[in-house]
Amino acid sequence: MFKRKIKFLTNVFCTTTSCMLLAVALLTTVINPVERVESVLLWQIPGVAALLTLVSLIYPWDRFMGKRELAARVAFHYILINVGVLGSGALFDWYDPGNPGSVITMLITIAVVFATVFGINWSRSVKDAKQMNEKLRKYKKIC
Amino acid sequence: MKITIQDRSPEEEDEIIIRCRSVDEHLLKLIYALKAGRDRLTVSREDKIFQVQPSDIFYFEAVDNKVFACMEKEVYDVRYKLYELEERLKNTDFFRASKSTVINLAKVENICPAFNGRFEVCMENGEKLMVSRQYVPHLKEKLGL
């Protein structure tokens, strides 16, 4: 079970890091172009991604959640991500907390990254389910 | 496939010998069916005891330290623990789907994705059950993925 958890966390970490990297690239070149980016950012991105990956452990691993619990946990997850990114961002000078426009840009970026990670995971599950249904049909034919 | 039935002496035990080049998926299913077919399960309902074929059971569910065998419509009490059933039905169509359920794959109609790496299985009787993230690899393994 420990192995599976590590595998799951590694997947979340890789997806989150990739999406954060894309978001930073878009922010620093298209949305709010800057002349140069500090190299320390290369450590900050995976560092924050690792923190956000740990937050994904708020979902129970081996028991079911009702719709209400699930909705509550997703909302709590989203709040924790916002707190984590805005907190780290303020610490690392990614944005100006005193500037509402800068905060809104960060909030939109977080929402886009969250939705993208969610979408990628969902499409993986859909693909898995499709494969399993194909195998299930073959399995039942043999039965 | 050639089938040969031989007479045996009264003191001998019934025996099935499979002679094959390799054990493929089809043959494996046949072996599971043979094993499961002879192994009836004792269940009870309203103080009456019944013997049922495991293949007729849709799933087992543990609720408040009690284990129930759910058939197409009826529900029976089972005196085994869920892990004992899992062990006993190891080489059959059953697989562990969560801490509280063991599902008969042969009675699964289809599989749908659910949030957070879990899957929902729709049974042939219309019931819906969850496969928790922890046990998804068991299901995939059972299906040969």
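Residue B/E124 touches chain A through its side chain alone, counting heavy-atom pairs closer than 4.5 Å. Contact of B/V131 with chain A is made through the backbone alone, with heavy-atom distances under 4.5 Å.
Taken together through direct or relayed side-chain contacts under 4.5 Å among Ile, Leu, Val, Met, Phe, Trp and Tyr, A/L86 and A/L52 form part of one hydrophobic cluster. Under the 4.5 Å side-chain heavy-atom criterion for Ile, Leu, Val, Met, Phe, Trp and Tyr, A/V30 and A/I110 are members of distinct hydrophobic clusters. A/L107 and A/I81 fall within a single hydrophobic cluster, where Ile, Leu, Val, Met, Phe, Trp and Tyr are joined by side-chain heavy atoms under 4.5 Å apart, directly or via other members. A/I120 and A/F8 sit in two unconnected hydrophobic clusters of ILVMFWY residues. Membership requires side-chain heavy atoms under 4.5 Å apart, directly or through other members. Tracing side-chain contacts under 4.5 Å through hydrophobic residues (I, L, V, M, F, W, Y), one never reaches A/V55 starting from A/F13; they form parts of separate clusters.
Using a 4.5 Å heavy-atom threshold, the side chains of A/Y139 and B/V108 count as separate.
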| task | For the pair A/Q131 and B/L143, evaluate side-chain contact (heavy atoms from CB on, under 4.5 Å) and give the outcome as yes or no after the intermediate values. | result | CA-CA 10 Å; A/Q131 272 187 331; B/L143 288 167; over 6 Å; no
| said: Walk me through whether A/L70 and B/R118 qualify under side-chain contact (heavy atoms from CB on, under 4.5 Å). | reply: CA-CA 12 Å; A/L70 181 65; B/R118 301 170 309 155; 4.1 Å; yes
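Checked options A/K130, A/K135, A/M132; the residue passing with B/I111 is A/M132 (criterion: side-chain contact (heavy atoms from CB on, under 4.5 Å)).
Atom CD of A/E38 has 12 or fewer neighbouring heavy atoms from other residues, nucleotides or ligands inside a 6.0 Å radius.
Residues B/P113 and A/V126 come closest through the heavy atom pair CG-CG2, 3.9 Å.
Here A/S125 contributes atom OG and B/E120 contributes atom CD; the two are 12.5 Å apart, rounded to the nearest 0.5 Å.
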